[in-house]
Amino acid sequence: VKLARFKYGTRIGYGILQDGVIEEISTTPFLPYEVTGVTYDLDDVRLLAPCVPSKVIGIALNYRDHVEEMGKPIPDYPTFFFKPSTSVVGPGDRVVRPPGSKQLDYEGELAVVIGSVARSVSLGRYQEVVLGYTCGVDATARDLQALDSQWGRAKGFDSSAPIGPWIETELDPSDLALTTRLNDEVRQSSSTSKMVFNVSALITFVSAYITLLPGDVILTGTPSGIGPMEPGDQLTVEIEGIGALEVSVADSPGPR
Ligand code: MG
């Protein structure tokens, strides 16, 4: 099932997407719901980020080829970091290059959407806490990352976590093609099978330390081929079985 969050006029809602039509639901995908009977043509709504996370957790160095391109050893355990709720944007939105940065990199990633409270999840029980999967970008100000010992501003700036276009609930995340295009040119082409730590291992590891709440998102790391984006660029992350997330790039307008 594809679950979308959308805006129609001033109305914001959630619905089930099928054949270009969104069937509205009464609450959210994270609560008991019923279909309301109201439908919207996909062309008539604006899709929003498909969930509103309390936090986004990013995983560092989780594809072997990316670990190699960064010149690092394969990690023994996952390193994770936070992107705040204010970093989230949706399909068609802009990633705004933050002040002081001249190198804003794309990182196309599989995004896991948590469906129920997850704390100390045993290995192999991840499906009990996952609602589904969507496409994500871990936009990174690489130059600021090199300057700072913590990645709060380099990876947590406003608009650094595009997710969407919807949540696919019926998906095995173990071997999905992931393709990142910059202005229609393929820059990353890999499979989620190349993760160092798979979705199950990531949820077990992270939930041992951090309680994951419904709607929270884990960005599972990026394959090789990362590189810079310039204002005016179009970025697309496409994942097999989900669809494609498209965003554009803009430069910071500076202080207001
Ligand atoms: Mg990343």
Side-chain angles (χ1 to χ4, degrees), residues 49 53 55-75 77-89 93 95-98 101 103-114 133-164 173 176-182 186-199 201-203 205-206 210 212 216-229 233 235-239 242 244-245 247 249:
K55 56 192 171 291
V56 176
I57 291 178
I59 308 294
L61 300 174
N62 198 33
Y63 281 74
R64 287 172 193 282
D65 51 357
H66 174 61
V67 176
E68 283 162 17
E69 81 178 341
M70 299 303 276
K72 299 265 169 60
I74 300 290
Y77 60 89
T79 292
F80 63 85
F81 55 90
F82 294 99
K83 293 164 90 82
S85 58
T86 41
S87 67
V88 174
V89 293
D93 284 344
V95 176
V96 180
R97 188 163 67 177
S101 175
Q103 191 186 349
L104 174 59
D105 280 4
Y106 56 82
E107 297 187 357
E109 310 201 359
L110 174 72
V112 181
V113 180
I114 299 297
Y133 301 89
T134 190
C135 308
V137 180
D138 172 19
T140 301
R142 196 70 62 195
D143 44 4
L144 303 186
Q145 187 184 29
L147 289 173
D148 299 347
S149 65
Q150 303 277 318
W151 301 345
R153 73 169 172 158
K155 282 179 173 286
F157 62 89
D158 285 358
S159 77
S160 63
I163 51 172
L176 304 172
L178 187 161
T179 308
T180 305
R181 293 184 192 83
L182 190 67
V186 174
R187 295 298 184 90
Q188 295 184 292
S189 179
S190 190
S191 162
T192 58
S193 65
K194 307 229 171 107
M195 287 183 189
V196 178
F197 303 101
N198 64 19
V199 168
L202 292 175
I203 288 177
F205 187 84
V206 172
I210 307 284
L212 300 169
D216 281 355
V217 167
I218 300 176
L219 290 173
T220 54
T222 200
S224 65
I226 59 164
M229 306 181 281
D233 283 352
L235 182 74
T236 307
V237 177
E238 184 168 4
I239 298 177
I242 301 173
L245 167 66
V247 291
V249 182

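Note that ligands are numbered from 1 as they come in the structure, with each ligand's atoms numbered from 1 the same way.
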Visitor: Is the F205 ring parallel, tilted or perpendicular to the F80 ring (thresholds 30°, 60°)?
Guide: perpendicular

Visitor: Just wondering, do V56 and D138 contact through their side chains at under 4.5 Å, heavy atoms?
Guide: no

Visitor: Is a donor on one side and an acceptor on the other found under 3.5 Å between the side chain of N62 and the backbone of M195?
Guide: no

Visitor: Sorted by first residue and then second, give each salt bridge (Lys or Arg N to Asp or Glu O under 4.0 Å) pair with at least one member in residues 58-70; sequence neighbours left out.
Guide: none

Visitor: Give every protein N, O or S atom lying under 2.8 Å from the Mg ion (ligand 1), naming each by residue and atom.
Guide: E107 OE1, E109 OE2, D138 OD2

Visitor: Does any part of the side chain of Q145, heavy atoms only, come nearer than 4.5 Å to the side chain of Q103, both counted from C-beta?
Guide: no

Visitor: Would the distance check show the side chain of S159 and the main-chain N or O of V95 forming a donor-acceptor pair, the cut-off being under 3.5 Å?
Guide: no

